[in-house]
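Everything on this sheet refers to the single structure shown next.
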Protein chains: 2
Amino acid sequence: MANPTIKDVAKMANVSIATVSLVVHNHRRISQETKDKVLAIIEKLNYHPSPNARGLVRRKSGNIGFVLTDDHFLRTEPFYTHIFMGTEFEAHENEFYILLTTVAAKFKITDPLPRFILERNVDGLIIAGKVPLPFINRLSKATFPIIFVDYSPYDKKYSCVLVDNIKGGELATSHLIEYGHKKIAFIGGDIEHPSIKDRLNGYKNAIEKSGLELDENIIDIKEDYPGRTNGYNAAERLFKKDKAITAVFSCNDAMAVGAIQYMKDNGIRIPEDCSIIGFDDVVSDNAIEPALSTVRVPKMEMGTEAMKLMAHMLKNNTKENKKVLAPVELIIRESTRRICL
Amino acid sequence: MANPTIKDVAKMANVSIATVSLVVHNHRRISQETKDKVLAIIEKLNYHPSPNARGLVRRKSGNIGFVLTDDHFLRTEPFYTHIFMGTEFEAHENEFYILLTTVAAKFKITDPLPRFILERNVDGLIIAGKVPLPFINRLSKATFPIIFVDYSPYDKKYSCVLVDNIKGGELATSHLIEYGHKKIAFIGGDIEHPSIKDRLNGYKNAIEKSGLELDENIIDIKEDYPGRTNGYNAAERLFKKDKAITAVFSCNDAMAVGAIQYMKDNGIRIPEDCSIIGFDDVVSDNAIEPALSTVRVPKMEMGTEAMKLMAHMLKNNTKENKKVLAPVELIIRESTRRICL
DNA sequence: CATGCTAAGTTAAACGTTTAACTAAACGCT
DNA sequence: AGCGTTTAGTTAAACGTTTAACTTAGCATG
């Protein structure tokens, strides 16, 4: 049979379609005997309930929307791709489908919303990374749960899964201090981005806690987009200004790679002359020379965590406001070294 | 009203629900007058037909499955991500939703199929990149159209959108020959991959057409996965074997980047000592120094093309077997230079 | 032995559309 | 006037589920 329906199963099992439905849901009203009989036939016919029919009566789509900006999705480091994979995996576990859509990074308040929102074809929304505020504001009257991952503009209102960026910043900076470095530069972009701001705060915390003096001159946060080219530019400014820098903490791996490029081009050896540590752990397979020390972010886990939260809310029909902090981990590779006196 | 249905619209417009439906489909049986009236109310109530209800009666899900392997999806260069974006865009145009799922690169014949296939929750399938044969074989009795992008294992059976790899290989190699190079190496991985094989064939064609002699010694296809590290390794083998190489054609940008790394590490200047050209054009924003000449592949366009084909098949209910060749384009940047005698 | 309870189902309405088949009015022709 | 055709709708069945309300038989209880 092409597409067996519940009727086919019912007829073959000599029961009503209601019974089949109850068997599918493992309802206790049905005897084990009947269950076994029906289950066998379901198996035999390869019956799967129609998502449309089910959705119609349940008034649920069974879909979760996953939104991020186009430039995040297309960026070279597969950061959000990993998050998506985590979400997709966990969605599978919970029998949800994921509808992935990008929104323009410069979404305007008059732009159309993703179709699945207009058509109410999602039961919930997971938003990954920084998305434009006009977009979020358009969502204010949404009736379904919304969860943010790696970004949280209105944290009173929505649940979110965030990286422990402050901790990560502290970890990276303390690691460099531990290694004897005194002049530790910070490279960052888009300081309005909460993640980058927090990483910088972690940096400052660690510097202060250690008794070192905070030197604003070796904090470069002039760039906007935290990518390779801008990492290169930031490093250039930094080293032209101050030759005595012996370590760099870059707000992410992408900028770190750019900075490394600058150092290589200018005869600054890593880690002999200068140590550098990144954040995110996205370039491990990239044959970056030397291997980049970094702060690992559990990307997949963040995706699964968001989906778990979502599934929980949907199952219990609650709209809670939970904040999950994903743990970070210091990864020491070859780009950081104890300072040689 | 929370979720207006066709009934709400009908009641408010004083027409039957059938009329509303016909208006939505712009059926010519309805007078312009009535259409205007109903349309105004649809607008006012912000009515959108329920995908579930519609899908139920049409016996269509309105969804298209998009499948690729996990390692392709997670690879550093956003090649397939661009293809997906193209597909997603065109899906939007045609009012389809995309369900993205990865399959394991080592999918076994007994592994479960993606859920949307079991539940018949897709009207068609787009498969991007090389996916395991066991997976494809499990699809043999599928009743929905399947389209391959950038891969085509059973090209008699399925439609596909392919890169004109032979042409691209010729273009890249001819470009180097044109620039006076005589000793042009080829770097490739996984020669079983049709794309890589064709790029190599293009290389061979161009060499032969030019009257140069084909030298198998400077063709390195020992590596498996065509990534950076392996590009580095391949370049190492090549240059240790033959110092006289003045140009390299890498089967893709990722391996080219690895090869560039090797050359830099070993004092081979680009392009002064050696020219190099890649394929795919995925590193343009990466601050690779020098900027990499390459063969551009219209990634987004391939995605849209696949979705256009799919929409066409689905609308006309035909199962055609079409092969689309996406055009390639030579991009000359700074990594290739006319040879200096 | 009438009564209530439990176990194991079944019946039927509802979910929100689409569309074939029907209707009713208006018009044109002979 | 009678008939056919066109126009502009309406009616009602169908799509494949879920689930509240109902049924029926068997059993225990006072």
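A quick note: this is a predicted structure, and the numbers were derived from the prediction, not measured. Convention: sequence-line order gives letters A, B, ...; per-chain numbering from 1.
Listed candidates were D/dG16, D/dT18, D/dT17. Nearest to the side chain of A/L56 is D/dG16. Comparing atom distances between the B/T34 side chain and each of C/dG16, D/dT17, D/dG9 picks out D/dG9 as nearest.
Ring geometry, A/F66 versus A/F84: the interplanar angle exceeds 60°, so the pair is classed perpendicular (tilted spans 30 to 60°).
One atom, CG of B/L22, and another, P of D/dT7, lie 16 Å apart when rounded to the nearest Å. Rounded to whole Å, the distance from NZ on B/K60 to C1' on D/dG16 is 17 Å. Remark: P of C/dA20 and CD1 of B/I17 are 15 Å apart, rounded to the nearest angstrom. Remark: C1' of D/dA14 and CD1 of A/I6 are 16 Å apart, rounded to the nearest angstrom. One can place CG of B/N52 at 13 Å from C1' of D/dT18, the figure rounded to the nearest angstrom. Atom-to-atom, CG of A/N26 to C1' of C/dA8 comes out at 15 Å; the value is rounded to the nearest Å. Rounded to whole Å, the distance from CD1 on A/I42 to C1' on D/dT17 is 13 Å. Protein atom CZ of A/R54 is 8 Å distant from nucleotide atom P of D/dT17, rounded to whole Å.
The shortest side-chain heavy-atom distance between B/Y151 and B/C160 does not fall under the 4.5 Å cut-off.
Here B/S16 lies in heavy-atom contact (under 4.0 Å) with a base. Across all strands, A/R29 comes closer than 4.0 Å to base atoms (heavy-atom distances). Heavy atoms of A/T19 sit under 4.0 angstrom from at least one base atom. B/H27 comes within 4.0 angstrom of no nucleic acid atom, judged by non-hydrogen atoms across all strands.
Checking B/S31 against A/R58, the closest nucleotide of DNA chain D that is more toward the 5' end is the one next to B/S31. Nearer the 5' end of DNA chain D, as judged by each residue's closest nucleotide, is the contact made by B/Q32, out of B/Q32 and A/A18.
In terms of phosphate contacts, B/S21 brings no side-chain nitrogen or oxygen within less than 4.0 Å of OP1 or OP2 of C/dT17. For the pair B/R59 and D/dG16, the criterion of a side-chain N or O lying under 4.0 Å from OP1 or OP2 is met.
Annotation: the span from A/I126 atom CD1 to A/L100 atom CG amounts to 11.0 Å, rounded to 0.5 Å. The CG atom of B/L74 lies 13.5 Å from the OH atom of B/Y80; values are rounded to the nearest 0.5 Å.
Geometric assessment of B/R115 against the ring of A/Y97 yields a positive cation-pi assignment under the 6.0 Å and 45° thresholds.
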